[in-house]
Structures are given as structure tokens and as C-alpha cells.
Amino acid sequence: MRHKALKGIQDILHPETFIWQRLEAIARGVFRAYGYSEIRLPIIESTEIFQRSIGETTDIVEKEMYTFTDKGGRSVTLRPEGTAPFVRAFVEHHLYNEPPPQKYYYMGPMFRYERPQSGRQRQFYQIGAEALGVEEPVIDAEVIAMLSVLLNRIGIKDIEFEVTSIGCSKCRPDYKNALKESLKEKLNLFCEDCKRRYEANPLRILDCKVKTCVDARQGSPSVTGFLCDDCKVHFNGVQHYLKLLNVHYVINPNLVRGLDYYTRTAFEVKSSLLGAQNAVAAGGRYGSLVEEFGGPGTPGIGFAIGVERIISLISEPSAGAKGPDIFLCSMGHGAEEKILVLAGQLRREGLWAEINYDKSSLRSQMRRADRMRAKTVIVVGEDELKKNTATIKDMQDKKEFKVPLEAEEILKIIKEK
RNA sequence: GUGAGUGUAGCUCAGUUGGCAGAGCAUCUGACUGUGGCUCAGAGGGUCGCGGGUUCAAGCCCCGUCACUCACCCCA
């Protein structure tokens, strides 16, 4: 094999593309119902945009970005996530001047330079939504509810919503200190990674899967207990509205986000049917990101769905794939030209019409029609051409009869079925 | 970045102590010459991931490399 796609980067082929289209169509429909407009964002941005918003010390920025220098000497990066580019565009085009809430969705590829594994590739697709300009917890709940509706429409089962609040810039530092204090004395019980996390990002210790760490952190304080009054009220509100909207969820105070910009509400949708990478969607509130990008103080909340992970949960990837509406067989040169023109007419009416391109036998043409799962076959040979008729055959009940060799007549019959 | 496993036909995979490259499915063709699925017969299709080494001889043994898979880290 001469050339291969790059490591961790895949072609998406038929019939899988069929599922992708269906999923995207469902998503667009749900977004439309909730009043979200599409925004199309570039996949490449100035590196700074990600460094500042995602956080200098996060793994994404430290080791996972596709960053290079362009011919003008600028450092550019293939987007590892969608929120930062979105907020950049939001501020650049003064979208905050529209009446709130400003609601947008996007879909497209993201890039992270990681070792590929199940549910993780270097180029992967996300469908994301962002709602800005509303501080009230009702929008948090509505965004989560919309995600729930969307996943439901797609037919995803065996998923669980996990929700928490990670506080704000006022209360999170207190919690961080309290957590460090409580872990200080038993730090030697933790794994090497957790020891490193203790300084770099102590909240991550809560997310460690090593058994000894899970045991050792028992009894340590919970974020939700350290929320300031405002954050507490907000979180209670989110829960209230989630119940009102009948969204089933569990509170997971150990839920940790890998991006620095999140405040208050954080949530994740997990599937037990996936491998180690079990999050199919995740999101949260960002209180000051718009400000950090130079816009007016505008809160936002959003989520991103991992498209490949969702697709892998859909049981029959080729279900729903259909064959042509009609297959046109020909015998002889005159008939070949006749069906070529006829197919064009039928196609203009929106039918999927397949024709034969070579001199193969009627038998092999029929075989092809059958393999393609054509619903109806038309045969035009010398006889038909002379009488200006066509033989039309239903592939299911095998019945065939003659019809006038006219597009309108054939259309009429097909549409009756 | 770390660890383990796997790379042979379009797909799924056999391939013995090193001795002519295989099967099933798929594709194409044919079976009283204008009718599909089932059956039967046949055909095409291979740089055995790539590069080196050992050997009279390597798909098989050795080294390197690339890719895939799974896991860690982390995340959608």
C-alpha cells in the first residue's frame, strides 16, 4: 500500500456516512426546535486562543495540540475543541449585541495529538452547542435537557448523566486548599500520578481510578460542600429545573473537567458500553471566557458530543441503507441510448436510477440490479424499442408487464408503490 | 509519551520442525444464447505492512521501522 491516512486519522466510508448524515440531521432538527443557529468556525486558529482559554497547564495545551508555524512565522493550531474558537468569533463579530440568549451550534472535526485507542482518534468530530447571556440556572438545565432529547432521538441507550458544580473563582480556591489539606498527611498512600497531581491539579486526584487512591481519598471534602452562597443557589436551581424537565441524572462531585475555563455547572454523559473512553458528551458553564476574550461580561454554557463515540453506540450501522429506486437494463445499442436518456429524466424527478454501462448479458444486469437491491427493474431490448414499450419488473413479487416507453408512465407506476 | 498484542486477497482468517501462497465470504463470467436471489462450475485478485539480517531456501527465525488494536496518562 503506497499511502495511508495519518495515524489516528480515519476516512469515513459508506455506509457509515449514512449514519453520520442521519445523526447530523437529527441534531439540526433538535437545535432548530430550541432556537439554536449554526455557526461555521475555522478549524485552525492562532495558538494563543487555546493556550489562554483552555489553560497553560492542561494536558490539551501541554502535549496534545497540533501546533506549527505558518509561512508568516505565526504559531497556529488545529482546534482541539470548539468552545474557544466559538467565543473568539462571538466576540470578534460582536454577537453579544444580539438579544440574549445567544444560541449557536456547530459541528466539525477537532484535533488532538494523542495515542489513538478505542473511542479516541487524532481527528475526531464533535457536535457542540453554546448558549450565552443567561446567568440563571434554568438555561443550564435546558441545555442539558436538550442534550438528553438529542441523544434520545438518536436512539442512544445505556447512558448516564452526571452533574456537579465546581464553583467559581471565589469558592474554588478554598476548596482546593481544603482538599490539599485533607490529603496532605496520607499523600504517600497515593500513586505516583496522584502525587504529581497534588501540586499541579489536586482536583484530578478525585478522578483517579487506581484502587488504593479511591480508598485513600475516602472522607475527603466534597466540592459541593464548599460552594459559596451564589454557587450553591445556582446549583440547587439547576437541579430543580433538571427534575422539572424530567432529566435523569446523578450528582458526581468527583467529576473533573480538563479545561480551565469551566465554572459552576459541569456535566458529562457516560456510557457503560464503551471502553475506557466512556464519555459521549460533556460540557459546562463558563463564567468569564467572553470577558477574557475582550468582550463584555457574558456567561455561557455549552456541551460537545463526541460523534464517533455516539456512532459506535448505534447498533446496526448499515440499517436503513437502501438500494436504487429503479435499475434500467438494456440490450443493444439503441436501447443503451434510450435508457441513458430515460434515466436522466427519472433522476430529474428525484429517483435513484441506475443503468447498465457495458454490453453485459441481461442475466448479469439483473444480477447487478439484485445485488444493489433495486426495487424495480426496467428492461429495454430490441422488441421493446420497436414497439416503444418497456418491460417493468417488481423485484419483490417478480411480476412484470409492459408499459409505454415514457418517463411519465414509468414514474406513475413507481410512485404508486 | 509508556506498556502489551496484532499486521497474509476487497473482508474474516488458516498457513505444520523454514521447502511452489491458501480457504470462506465478496467481485466477475458461465450453466439449452432476453430475466436476479438458491445451487453448480470457473476466473480475476498478493511487494505475506515496510527495510535489513541469518539461511541453499524466510509468511514462518533475528533486528529495526511503520501502522492498527487495547490499556495507562488524559479526554469528546
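Convention: sequence-line order gives letters A, B, ...; per-chain numbering from 1.
Remark: RNA chain B takes part in the stems B:1-7 with B:66-72, B:10-13 with B:22-25, B:27-31 with B:39-43, B:49-53 with B:61-65, each of 3 or more antiparallel Watson-Crick or G-U pairs, criterion distances under 3.5 Å.
In this structure a side-chain-to-backbone donor-acceptor pair under 3.5 Å is present from A:Q365 to A:S330. The backbone N or O of A:D140 lies less than 3.5 Å from no partner atom in the side chain of A:T265, so there is not a single donor-acceptor pair.
You'll find that the side chain of A:K7 is closest to B:rA67, out of B:rG34, B:rA67, B:rG36.
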message: Does the protein touch nucleotides 71-76 of chain B at the base, only the backbone, or not at all? Give it as B, S and - per nucleotide, heavy atoms under 4.0 Å.
response: BBBBBB
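Projected onto RNA chain B by closest heavy-atom contact, A:R368 and A:Y113 fall at different nucleotides, the more 5' of which corresponds to A:Y113.
Nucleotide B:rG30 holds its P atom 15 Å from the CE atom of A:M366, rounded to whole Å. Rounded to whole angstrom, the span from the NZ atom of A:K359 across to the P atom of B:rG34 amounts to 14 Å. Rounded to whole Å, atom P of B:rG34 lies 13 Å from atom CD of A:E384. Distance A:R367 CZ to B:rG42 C1': 12 Å, rounded to the nearest Å. Atom CG of A:N356 is separated from atom P of B:rC28 by 11 Å (rounded to the nearest Å). Put simply, CG on A:D370 is 10 Å from P on B:rU27, counting in whole angstrom units. Rounded to whole Å, the distance from CG on A:D383 to P on B:rU35 is 12 Å. As a whole-Å value, the separation of A:L328 CG from B:rG36 P is 18 Å.
Residues A:R347 and A:E354 share a closest heavy-atom pair of NH2-CA, 4.1 Å.
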Give every donor-acceptor pair under 3.5 Å between a side-chain atom in residues 154-170 of chain A and any protein atom, sequence neighbours left out.
unit_1, atom_1, unit_2, atom_2, d
A:E162, OE1, A:N252, ND2, 2.7
A:E162, OE1, A:K270, NZ, 3.0
A:S165, OG, A:G167, N, 3.4

Exercise answer: donor-acceptor pairs, residues 390-397 of chain A side-chain atoms, under 3.5 Å, sequence neighbours excluded:
unit_1, atom_1, unit_2, atom_2, d
A:T391, OG1, A:E384, OE2, 2.7
A:T391, OG1, A:K402, NZ, 3.0
A:D394, OD1, A:Q396, N, 2.7
A:D394, OD1, A:D397, N, 3.1
A:D394, OD2, A:K417, NZ, 3.3
A:D397, OD1, A:K399, N, 3.0

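When heavy atoms are screened at a 4.0 angstrom cut-off, A:Q365 is found touching no nucleic acid atom at all. The residue A:G332 sits apart from the nucleic acid: no heavy atom pair falls under 4.0 Å.
At a threshold of 4.0 Å, the pair A:K359-A:E336 counts as salt-bridged, since one of the basic side-chain nitrogens sits closer than that to a carboxylate oxygen. In summary, A:R264 and A:E135 engage in a salt bridge, as defined by a charged side-chain N under 4.0 Å from a carboxylate O.
B:rA26 and B:rG37: their C1' atoms are spaced 15 Å apart (whole Å). Taking atom C1' in both B:rG49 and B:rU8, one finds a spacing of 10 Å when rounded to whole Å. Nucleotides B:rC68 and B:rC62, compared at atom C1', are 23 Å apart to the nearest Å.
There is no side-chain donor-acceptor pair under 3.5 Å between A:Y34 and A:E142.
Against RNA chain B, the stretch residues 385-395 of chain A makes heavy-atom approaches under 4.0 Å through A:T391, A:K393, A:M395.
Here A:Y105 and A:Y36 keep their ring centres 6.0 angstrom or further from each other.
Applying the salt bridge (charged side-chain N to carboxylate O under 4.0 Å, His left out) criterion to A:K180, with sequence neighbours excluded, gives A:E199.
Between B:rU29 and A:S361, no contact under 4.0 Å exists linking OP1 or OP2 to a side-chain N or O. The phosphate of B:rU69 has OP1 or OP2 within less than 4.0 Å of a side-chain N or O from A:Q10. When the side-chain nitrogen and oxygen atoms of A:R371 are compared with OP1 and OP2 of B:rU27, one or more of them lie within a distance under 4.0 Å.
Relative orientation of the A:Y125 and A:W20 rings is perpendicular, given thresholds of 30° and 60° on the angle between their planes. In this pair, A:F267 and A:F303 present their aromatic rings perpendicular. The plane angle is above 60°, beyond the 30 to 60° band.
Within a 6.0 Å radius of CD in A:E48, other residues, nucleotides and ligands contribute 12 heavy atoms or fewer.
Between the side chain of A:E400 and the base of B:rU35 there is at least one donor-acceptor pair of N/O atoms closer than 3.5 Å.
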